[in-house]
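We number each residue from 1, following the sequence as shown. Source: prediction; values computed, not measured. Both counts, for ligands and for their atoms, begin at 1 and track the order of listing.
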Amino acid sequence: MSQKNTLPSFTPILIVGAGPAGATASLTLSHLGMEHLIIDKATFPRDKICGDGLDLKIPRIFKHLNRPEWTEELLNTPDIFLPAWGVRMVAPNGRATDNIYTPPADTKAYPPFVTAKRQDFDNFLVNKIASPYADLRTDASLEALRRTPQGWEADILYQNQLQTVACQLLMAADGDHSTILRHLQQRKIDRVHYASSVRVYYKNVAGLHPQNLIEFHFRKELPMGYFWIFPLPNGCANVGLGIQSRIAAERDVNLRAVLDKLLYHTPDISPRFEQAQALEPVKGWGIPLASRRRNCVGDNYMLLGDAASLVNPLNGEGIGTAMLSGYIAAHYAQKAIQRNNFTAQTLAGYEQDMSLRLQDEVKAYNMALRFDHKRWYFPTLNTLFALNIPNRWMKKSMHQWHNTAFEQEIKLRFLNQ
Ligand SMILES: Cc1cc2nc3c(=O)[nH]c(=O)nc-3n(C[C@H](O)[C@H](O)[C@H](O)COP(=O)(O)OP(=O)(O)OC[C@H]3O[C@@H](n4cnc5c(N)ncnc54)[C@H](O)[C@@H]3O)c2cc1C
């Protein structure tokens, strides 16, 4: 990491944010041999409120960066990464089903999920950024932006000084509370396409599955949402819940009170927390869902990850999609540099490529919206579980995800248009 006190006055590409989206954009640009500056206002390791569930997009991206050894490293660092060999789903009526993934004999035994505290996973990624093409500065906060004929001027607070950096292309990976979104006046929240959530780390939760299944509990208290328990390394667990923000507002749902009730006053869950210790106070954060389509590109800029509202609306997973957006956006950045053309038109394919990838989940979520206020929402869920439909879907999906991760190329359909 550079110790220089001053920032360069110009960079062709400026990435703001070194979370999963920004770090992956940087790793991909380095892979493509493209110079860039990447800044983050935090110093790493830093926490990010999250469920800490990592899906199979991560090894897929490492493979595309020609870094399969990072996947091995991840699997061989058990004090940071925990393999989760499947999913426990609990219906609203309390019926639980364990879906365990068994890899076919001829394929690599990589689990369908891995869990890691975000402070560790994001640090893992940031530590891979060093390259002759990447200039990484942490503790460097974007404060203001100005348009110029060539692109942007960014005022960045670094080493106690406000320093100005000019760039041709801005990659906004600064998360849900994005400064850049505010500057573009795009930060307005649509509560139908946004989830409110809380998380707390615990130690010694009872009843975790020996194969570390991640648990989704669909509860009457949480229409269009769920309560989760995700086992973590060292006997810890990430415990939390999320719910669509419109429902939370309309029904005046107090997330912390619901969590407290579930953990300490619910016969099927509370016994598991009798001997457990909370390791921190409950913390909250928002989840911007991909069902709200945002303009992810404009002249001289692209939005990535949470700043682009790219979280899978069905399950709240946004780490993998953020990384995918970083990987894909970097290819469009390369195209813009090669053509010396940074117009929205040149970059438009990035948005199309991303929305293609999330279209099935967005369709399914929009369909579910039709039922969210109906009295038969929970009876329907119970019936679906009784018919084993979610579990059969999960088992099939885990095999598909595995196949996609290790066998299928990430195609950029609109790159050459
Ligand atoms: C409670 C909760 C549970 C979740 N559970 C899961 C889960 O289990 N699995 C999953 O896949 N997803 C989950 N998500 C979603 C996931 O956390 C996000 O989608 C993911 O973090 C998005 O990554 P990102 O890189 O876009 O943004 P972030 O991870 O938010 O990173 C943004 C970075 O930008 C930096 N930054 C911000 N402003 C500035 C500035 N002005 N200047 C410089 N740097 C700046 C920040 O310091 C940060 O490092 C969950 C979210 C929540 C809230």
Side-chain angles (χ1 to χ4, degrees), residues 14-26 37-58 84 113-119 121-123 125-126 136-145 154-158 165 170-183 194-201 214-216 225-230 232 238-243 245 255 259 282-290 296 303-326 329:
L14 171 62
I15 305 173
V16 181
T24 308
S26 170
L37 171 66
I38 170 166
I39 62 163
D40 199 293
K41 69 178 179 187
T43 42
F44 290 80
R46 61 101 181 89
D47 187 23
K48 155 76 177 80
I49 298 160
C50 188
D52 300 334
L54 307 174
D55 66 18
L56 282 157
K57 293 184 195 71
I58 287 130
F113 300 94
V114 168
T115 60
K117 285 187 175 173
R118 283 292 298 278
Q119 71 170 38
F121 177 63
D122 290 17
N123 194 42
L125 284 182
V126 163
L136 167 68
R137 309 295 179 103
T138 54
D139 212 355
S141 170
L142 175 73
E143 299 292 316
L145 276 174
D155 290 339
I156 298 167
L157 187 60
Y158 183 61
V165 176
L170 182 66
M171 299 179 83
D174 52 346
D176 180 41
H177 296 186
S178 167
T179 308
I180 298 163
L181 269 189
R182 281 177 218 275
H183 178 87
Y194 196 81
S196 310
S197 57
V198 291
R199 168 212 88 182
V200 55
Y201 285 133
I214 55 174
E215 300 181 24
F216 295 88
Y226 58 82
F227 163 71
W228 72 79
I229 305 175
F230 289 2
L232 284 167
N238 181 318
V239 177
L241 52 85
I243 180 173
S245 295
L255 268 59
L259 186 65
V282 177
K283 294 176 178 169
W285 196 261
I287 309 184
L289 306 177
C296 296
L303 307 178
L304 281 60
D306 275 11
S309 207
L310 290 177
V311 177
N312 179 339
L314 288 186
N315 58 15
E317 282 175 359
I319 301 167
T321 49
M323 291 178 68
L324 205 52
S325 77

ask   = Tell me, which protein residue and heavy-atom name are nearest atom 35 (C) of ligand 1, and how many Å apart are they?
value = Asp40 OD2, 3.2 Å

ask   = Which one holds for Val311 and ligand 1: side chain close, backbone close, both close, or neither close, with close meaning a heavy atom under 4.0 Å?
value = side chain

task = Indicate, as side chain, backbone, both or neither, the part of Ala173 found under 4.0 angstrom from ligand 1 when only non-hydrogen atoms are considered.
result =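 Looking at Ala173 and ligand 1, just backbone atoms fall under 4.0 Å.
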
message = Keeping Asp52 on the side-chain end and Arg118 on the backbone end, is there a donor-acceptor pair under 3.5 Å?
response = yes

ask   = Is a side-chain N or O of Tyr226 found less than 3.5 angstrom from the main chain of Glu215, in a donor-acceptor match?
value =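 Such a contact is absent between Tyr226 side chain and Glu215 backbone.
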
message = Are any of the N/O atoms on Leu142, whether in the backbone or the side chain, positioned under 3.5 angstrom from an N/O atom of ligand 1?
response = yes

query = Got an N/O contact under 3.5 Å between Arg199 and ligand 1?
reply =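 There is no such contact.
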
inquiry  = Within ligand 1, which atoms have a heavy atom of Gly17 less than 4.0 Å away?
reply    =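 Answer, ordered by atom number: 33 (C), 34 (O), 35 (C).
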
query = Does any N or O in the side chain of Ser309 come within less than 3.5 Å of the main-chain N or O of Ala290, such that one atom is a donor and the other an acceptor?
reply =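 No, the answer is negative, given that no donor and acceptor are paired below the 3.5 Å cut-off.
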
task = Look only at interatomic distance and state if Trp228 has a nitrogen or oxygen under 3.5 Å from any nitrogen or oxygen of ligand 1.
result =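 No.
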
message = Tell me the contacting part of Ala140 for ligand 1: side chain, backbone, both, or neither, using a 4.0 Å heavy-atom threshold, strictly below.
response = backbone

task = Determine yes or no for a side-chain-to-main-chain donor-acceptor pair under 3.5 angstrom, with Thr24 supplying the side chain and Pro20 the backbone.
result = yes

key: Any N or O of Gly53 closer than 3.5 Å to N or O of ligand 1   =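 N/O-N/O distance under 3.5 Å: yes.
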
request  = Flag the pair Leu255 / Ser196 as yes when at least one side-chain heavy-atom distance between them is below 4.5 Å, and no otherwise.
outcome  = yes

query = Which distance, rounded to the nearest 0.5 Å, do you find between the CZ of Arg199 and the CG of Leu259?
reply = 12.0 Å

inquiry  = Show me which atoms of ligand 1 lie under 4.0 Å from any heavy atom of Phe230.
reply    =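 Checking each atom against Phe230, I get 8 (O).
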
key: Validation row: Leu125, Met323 side chains within 4.5 angstrom (heavy atoms)   = yes

message = Give the atom numbers and elements of ligand 1 that come within less than 4.0 Å of a heavy atom of Ser197.
response =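 With Ser197 as reference, the close atoms of ligand 1 come out as 1 (C), 2 (C), 52 (C), 53 (C).
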
ask   = How does Glu143 reach ligand 1, if at all, at less than 4.0 Å between non-hydrogen atoms: by side chain, backbone, both, or neither?
value = neither

key: Min N/O separation Ile39 to ligand 1 under 3.5 Å   = no

inquiry  = So for ligand 1, is Pro20 a polar contact partner (N or O within less than 3.5 Å, distance only)?
reply    =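 Right, the criterion is met.
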
Identity and distance of the protein heavy atom lying nearest atom 4 (C) of ligand 1 = Gly51 N, 3.0 Å

query = Short N/O distance, under 3.5 Å, between Ile287 and ligand 1?
reply =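 Looking only at distances, the answer is no, because the N/O contact criterion of under 3.5 Å is not met.
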
message = Test your reading of the model: is there a side-chain donor-acceptor pair from Asn238 to the backbone of Leu232, 3.5 Å cut-off?
response = no

ask   = Are side-chain heavy atoms of Asp176 and Ile287 found at a separation under 4.5 Å?
value =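 No; the side chains remain at least 4.5 Å from each other.
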
inquiry  = With respect to Gly318, determine whether any N or O atom, backbone or side chain, lies less than 3.5 Å from an N or O atom of ligand 1.
reply    = yes

ask   = Counting only N and O atoms by type, is there a donor-acceptor contact under 3.5 Å from the side chain of Asn312 to the main-chain atoms of Glu317?
value = no

Verdict with reasoning, Lys283 to Asp47, per side-chain contact (heavy atoms from CB on, under 4.5 Å) = CA-CA 11 Å; Lys283 294 176 178 169; Asp47 187 23; 3.8 Å; yes

request  = May I ask you to identify, for Glu317, whether its side chain, its backbone, both or neither come under 4.0 Å of ligand 1 on a heavy-atom basis?
outcome  =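 Both the backbone and the side chain of Glu317 come within reach of ligand 1.
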
query = Touching ligand 1 at all, Gly286? Heavy atoms, strictly under 4.0 Å?
reply = yes

note = Among Arg118, His177, Arg182, the residue with a heavy atom nearest to atom 17 (O) of ligand 1 is Arg118

message = Please check this pair: side chain of Thr43 against backbone of Asp139, looking for a donor-acceptor N/O pair closer than 3.5 Å.
response = no

message = Side chains of Ile319 and Asp55, heavy atoms from C-beta outward: is any pair under 4.5 Å?
response =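 Side chain of Ile319 against side chain of Asp55, heavy atoms only: no contact under 4.5 Å found.
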
query = Going by the order shown, which atoms of ligand 1 are within less than 4.0 Å of some heavy atom of Gly305?
reply = 26 (O)

query = How does Leu310 reach ligand 1, if at all, at less than 4.0 Å between non-hydrogen atoms: by side chain, backbone, both, or neither?
reply = neither

message = Set out, in order, the CA-CA distance, both residues' side-chain angles and the distance that settles ring-ring contact (aromatic ring centres under 6.0 Å, His included) for Phe230 and Tyr201, then state yes or no.
response = CA-CA 10 Å; Phe230 289 2; Tyr201 285 133; over 10 Å; no

query = Where's the contact between Thr179 and ligand 1, heavy-atom distance under 4.0 Å: side chain, backbone, both or neither?
reply =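 Just the side chain.
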
ask   = Which atoms of ligand 1 sit under 4.0 Å from any heavy atom of Arg46?
value = 31 (O), 48 (C), 49 (O)

